[in-house]
Amino acid sequence: MKVTGDQALVKKINKSLILHSVRKHPELSRARISEMTGLNKATVSNLVAELQAEQLVLEAGPGESSGGRKPLILHFNATAGYVVGMEVRVKQLAAVLCDLNGSVLREMEVPLIQHDFEYVLREMKKNIAALIAEAPPTVYGVVGIGVAVPGMVDEQGTVLFAPNLAWEMIPLQELLEEHFSLPVIIDNEANSGAFGELNFGRGEDVRHLLYISAGSGIGSGIIIGGELYKGSRGYAGETGHMCIEAEGIPCSCGSRGCWELYASEKAYDLAAGIPAFQTRDLVAMAAQGNAAARQQFEAIGTYLGIGLTNLINSFNPELIVIGGTLSEAKEWLEAPMQQVVTQRTLPFHKQQLEIAFSTLGIRAAMIGAGFSAAMHFLGHARVMV
């Protein structure tokens, strides 16, 4: 297959390559960028000059010399602009104000007392506006908004179906862009969490990653070959609706026996005798030795392991990261989960497999959503053949 592009496209790709090399590898010189990218020194110098004029790359002074003139070191200007990353959860709205490299400046969380879309939209607008108002003065100001939602999202940012919110066909991107006059990226919360982990968490330098968001439901972000996999129409990763009990209890999606009914916070609705129905409260009680809270987490951990076994046998990942609110219960989830995986996973699939809990915790999805908006602003250009 022949891939052709005009000079402007080639320049855009090369410029993106240089910018993201500087972003990912601090302390680079022009000569080192030329070595890393394969671009000739003249091209690198010209494009670095453009990035400096745009104030996205700064000179930080001379570096160490291996003989001859000391090279000038380049830094990515992460505070040239800011982004807002928000996660819509079933019981909360959570959001962060980040710089262009994912560092969090401000964070907020407010309860959602209902799921009526008009109410949620008002709360989203109010809290996004509050974070925008807190952004420090900078070259570009706030450059974008990323929102992670617990449901299926199409390429136009329409929430097609979010069963845990009872939303269908909500043009969320259009509504927020119209209100804020800023670019808005909408994605599934598990995809956003996977993107956050890939860039800032346990998934750095991993090529084949599954991110499992376990909270009010379950979703999966799938990284294949270092890239987020969304399926033919963008709907991949709805693993919470993978059936693990053929004649199990009915699910809001219309099926029955879905994984998330047994391995997410939905399991609290089926439990008898647990002392609380909020994960944070149960974690606190389990830490104090409450037997019922610990038993509940152990049961959820067992069902997490059953679903993970199916995913491991299907995808053969090198790393699985467990995130979402249930990741706070790692101490009681991990042992039963690992035991099931050890017993049921095909032997070759277990080789060089790591299962870990998120280092970003419950912030993974909102940081990933914000960074998606940052990457949109920075023009992450690549060629797919």
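- Donor-acceptor pairing under 3.5 Å is recorded for the side chains of Thr279 and Tyr268.
- Here the closest non-hydrogen pair linking Leu353 and Pro317 is CD1-O, 3.5 Å.
- The shortest distance between side-chain heavy atoms of Ile223 and Phe195 does not fall below 4.5 Å.
- In this structure, Val206 is not a member of the same hydrophobic cluster as Ile322, with clusters built from ILVMFWY side-chain heavy atoms closer than 4.5 Å.
- Using a 4.0 Å cut-off between a side-chain N of Lys or Arg and a carboxylate O of Asp or Glu, Arg294 and Glu331 do not qualify as a salt bridge.
- Between the side chains of Asn164 and Lys266, at least one donor N or O lies within less than 3.5 Å of an accepting N or O.
- Just one of Gln92, Arg89, Glu265 meets the side chain to side chain donor-acceptor pair (under 3.5 Å) condition when paired with Thr325; it is Glu265.
- Of the possible donor and acceptor atoms, none in the side chain of Thr359 sits under 3.5 Å from a partner among the backbone N and O of Gly201.
- Atom NZ of Lys91 has more than 12 heavy atoms from other residues, nucleotides or ligands within 6.0 Å.
- Between Glu54 and Lys15 there is a salt bridge, since at least one side-chain N of the basic residue sits less than 4.0 Å from a carboxylate O of the acidic one.
- Side-chain heavy atoms closer than 4.5 Å link hydrophobic residues (I, L, V, M, F, W, Y) into clusters, and following such links, even through other members, never connects Leu308 to Leu319.
- Residues Ile128 and Val149 share a single hydrophobic cluster, defined by chaining ILVMFWY side chains whose heavy atoms lie under 4.5 Å apart.
- With a 6.0 Å radius and a threshold of 12 heavy atoms from other residues, nucleotides or ligands, Glu247 has its CD atom at or below the threshold.
- Ionic pairing of Glu134 and Arg106 is present here: one or more N-O contacts between side-chain nitrogen and carboxylate oxygen are shorter than 4.0 angstrom.
- If you check the side chains of Asn46 and Thr43, you find no donor sitting under 3.5 Å from an acceptor.
- Side-chain atoms of Ile33 and Leu17, non-hydrogen and from C-beta on, never get closer than 4.5 Å to each other.
- The closest side-chain heavy-atom distance from Ile355 to Met337 is below 4.5 Å.
- Here Lys41 does not pair with Glu35 in a salt bridge; the nearest charged N to carboxylate O distance is not below 4.0 Å.
- Of the possible polar contacts, none joining the Gln52 side chain to the Val57 backbone as a donor-acceptor pair under 3.5 Å is found.
- Side-chain contact between Tyr229 and Asn191 is absent, with no heavy-atom pair separated by less than 4.5 Å.
- In this structure, Ser372 contributes its side chain and Gly368 its backbone to a donor-acceptor pair below 3.5 Å.
- Judged by distance alone, with hydrogens and angles left aside, the side-chain atoms of Ser220 form no donor-acceptor pair with the main-chain N or O of Ile222 at under 3.5 Å.
- Cluster membership for Ile212 and Leu333, using ILVMFWY side-chain heavy atoms within less than 4.5 angstrom, is shared.
- Residues Met366 and Val84 form no side-chain contact, since every pair of their non-hydrogen atoms from C-beta on lies 4.5 Å or further apart.
- Atoms OG and CG, from Ser252 and Leu261 in turn, are 7.5 Å apart once rounded to the nearest 0.5 Å.
- In this model, a donor atom of one side chain and an acceptor atom of the other lie less than 3.5 Å apart for Glu27 and His75.
- Judged purely by atom type and a 3.5 angstrom limit, Ser45 has no side-chain atom pairing as donor or acceptor with the backbone of Ala42.
- Between the side chain of Thr158 and the backbone N or O of Met169, no donor-acceptor pair lies under 3.5 Å.
- Counting heavy atoms from C-beta on, the side chains of Val110 and Lys126 never come closer than 4.5 Å.
- Look at Glu59 and Arg30 and you find a salt bridge, because one of the NZ, NE, NH1 or NH2 atoms lies within 4.0 Å of a carboxylate O, short of that distance.
- Aromatic ring pairs are classed by plane angle as parallel below 30°, tilted from 30° to 60° and perpendicular above 60°; the pair Trp167 and Phe117 is perpendicular.
- A distance of 12.5 Å separates NZ of Lys125 from CD1 of Ile132, quoted to the nearest 0.5 Å.
- Rounded to the nearest 0.5 angstrom, Leu93 CG and Asn127 CG are separated by 6.0 Å.
- Between Ile113 and Tyr119, the closest side-chain pair of non-hydrogen atoms falls below 4.5 Å.
- The backbone N or O of Ala94 sits nowhere less than 3.5 Å from a side-chain atom of Glu87 that would complete a donor-acceptor pair.
- In this structure, the side chains of Leu58 and Phe76 stay at 4.5 Å or more apart for every pair of heavy atoms.
- Within the 3.5 Å criterion, the main-chain N or O of Ile73 finds no donor-acceptor partner in the side chain of Ser29.
- Around CD of Gln352, the count of heavy atoms belonging to other residues, nucleotides or ligands within 6.0 Å does not exceed 12.
- Val88 and Pro150 make their closest contact through O-CD, 3.0 Å (heavy atoms, listed as atom of the first residue, atom of the second, distance).
- Between the side chains of Asn77 and Thr79, at least one donor N or O sits under 3.5 Å from an acceptor N or O.
- Two rings, from Phe371 and Phe200, have their centers less than 6.0 Å apart.
- For the atom pair CH2 (Trp259) and CG (Asn310), the distance works out to 8.0 Å, reported to the nearest 0.5 Å.
- With no hydrogens or angles considered, a side-chain donor-acceptor pair links Ser213 and Glu189 at under 3.5 Å.
- For Asn188 (side chain) and Gly151 (main-chain N/O), a donor-acceptor pair under 3.5 Å exists by modelled atom type.
- Checked by atom type and distance alone, the side chain of Glu318 pairs as donor or acceptor with a backbone atom of Arg207 at under 3.5 Å.
- A distance of 12.0 Å separates CG in Leu165 from CD in Gln114, rounded to the nearest 0.5 Å.
- With rounding to the nearest 0.5 angstrom, the CG atom of Leu176 is 10.0 Å from the CG atom of Leu182.
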